[in-house]
K.L.:
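Below are the structure tokens for one structure; questions will follow.
Both counts, for ligands and for their atoms, begin at 1 and track the order of listing.
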Amino acid sequence: IDGSTRRQVSTFLSGALRHFPDDAGLALDEAGWTALDSVVDRAGETYGIDREAVIGVIQTDPKGRFEVDGERVRAAYGHSIAVDLDADNTPVPDTLYHGTSPDALESIREEGLKPMSRQHVHLSDSVGDAHDVGSRHAADPVILQVDAAAMQTAGHTITKRGRAVYTTDHVPPAYLTAA
Ligand code: HQG
């Protein structure tokens with residue numbers, strides 16, 4: 001399948017596994033898992049692609065958006081629906097970044113970073129990735145620096161998800177500076 005179809009399938013699977021499993025005809029368990037077979041069927045019906053192609057999209061996603069465990073698959077991050085993802089002890093860099101719209105800055109300075117419509121706040125481990133994330137919201141994104149080391153010392157949990165995303169429940173304003 002071509003790159004454009006790959007991106008469409010990845011977007012469909014991200015939507016189905018993070019936001020609208022019911023609409024996609026999928027049943028997720030409390031940790032966000034569903035049968036790989038059902039995902040292969042749904043994506044196959046929608047895009048006319050075979051099992052190998054669907055599994056290829058899942059396993060080679062550039063951001064590691066999907067986790068496969070035996071015959072199960074789930075989204076690694078990004079959920080709006082409530083899921084209880086497992087703990088993960090992968091080390092976290094001392095400094096993380098968050099790219100956002102200039103319009104959100106005033107509110108973020110007052111309330112910190114909140115999950116908004118998702119279950120978690122999503123952070124990046126590089127300015128470049130944060131810029132890409134912020135570009136989804138504004139043409140001139142702002143990059144905030146997050147003192148992840150101080151957050152963890154203070155007892156906040158930060159978890160690596162996917163290839164280069166870090167999630168946490170809330171980033172209070174004290175841990176944020178302009179990057
Ligand atoms: C902002 C994509 C006002 C926040 C990306 C962001 C990421 C506030 C927006 C992942 C706020 C939420 C997640 C506050 C936060 N006041 N605005 N107090 N706190 N915000 O899309 O981080 O490609 O839900 O700054 O690459 O942009 O789909 O979060 O601008 O990794 O795999 O509220 O989704 O990954 O926007 O993106 P989002 P996000 P995928």
Side-chain angles (χ1 to χ4, degrees), residues 3-21 23-24 26 28 32-34 39 43 46-47 54-68 73-83 85 88 90 92-93 95-148 151 156-179:
S4 158
T5 307
R6 296 180 75 85
R7 280 189 294 278
Q8 284 179 54
V9 173
S10 176
T11 300
F12 168 76
L13 294 177
S14 292
L17 295 170
R18 295 170 177 180
H19 311 301
F20 53 85
D23 294 354
L26 299 174
L28 308 194
W33 296 105
T34 193
V39 168
T46 311
Y47 295 95
V54 178
I55 290 176
V57 170
I58 288 171
Q59 290 187 329
T60 65
D61 184 86
K63 292 179 70 174
R65 291 179 174 94
F66 311 106
E67 293 175 5
V68 175
V73 60
R74 72 175 176 186
Y77 63 90
H79 301 84
S80 56
I81 54 175
V83 284
L85 304 177
D88 179 298
T90 308
V92 175
T95 302
L96 291 170
Y97 303 90
H98 180 85
T100 189
S101 159
D103 297 341
L105 270 190
E106 194 181 323
S107 164
I108 290 171
R109 284 208 182 93
E110 282 172 20
E111 319 177 307
L113 289 172
K114 302 198 300 185
M116 309 306 280
S117 65
R118 301 188 198 258
Q119 295 289 316
H120 299 99
V121 172
H122 291 68
L123 305 172
S124 304
D125 61 7
S126 74
V127 172
D129 280 1
H131 188 274
D132 291 345
V133 174
S135 298
R136 294 161 41 259
H137 299 289
D140 52 349
V142 199
I143 313 300
L144 298 170
Q145 187 169 310
V146 178
D147 190 343
M151 278 184 68
H156 296 271
T157 300
I158 305 175
T159 308
K160 186 173 187 185
R161 301 286 179 198
R163 191 156 299 161
V165 167
Y166 293 80
T167 63
T168 192
D169 290 342
H170 174 226
V171 181
Y175 301 103
L176 293 168
T177 48

K.L.:
Can you give the donor-acceptor pairs under 3.5 Å from side chains of residues 165-179 to other protein atoms, not counting sequence neighbours?
P.N.:
unit_1, atom_1, unit_2, atom_2, d
T168, OG1, T157, O, 2.7
H170, NE2, E111, O, 2.8

K.L.:
Looking only at atom types and distance, does a side-chain atom of E67 sit under 3.5 Å from a main-chain N or O of R74, one as donor and one as acceptor?
P.N.:
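Answer holds: no.
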K.L.:
What pairs meet the ring-ring contact (aromatic ring centres under 6.0 Å, His included) rule with one or both residues in residues 95-130, with sequence neighbours excluded?
P.N.:
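Matches after skipping sequence neighbours: Y77-H122.
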K.L.:
For S126, does its backbone N or O pair with a side-chain atom of S124 as donor and acceptor, under 3.5 Å?
P.N.:
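Judged by distance alone, no pair lies under 3.5 Å.
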K.L.:
Kindly say whether V133 contributes a backbone atom to a donor-acceptor pair with the side chain of R136 at under 3.5 angstrom?
P.N.:
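A pair under 3.5 Å: yes.
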K.L.:
Determine which pairs satisfy side chain to side chain donor-acceptor pair (under 3.5 Å) with at least one residue from residues 56-65, sequence neighbours left out, and list them in order.
P.N.:
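Sorted pair list: R6-T60, S10-D61, D61-R65.
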K.L.:
Which protein residues have a heavy atom closer than 4.0 Å to any atom of ligand 1, listed by chain and number?
P.N.:
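Only R18, K63, R65, Y77, H98, T100, A104, S107, I108, E111, G112, L113, K114, M116, R118, H122, V133, R136, H137, V165 have heavy atoms that fall under 4.0 Å of ligand 1, ordered by chain and number.
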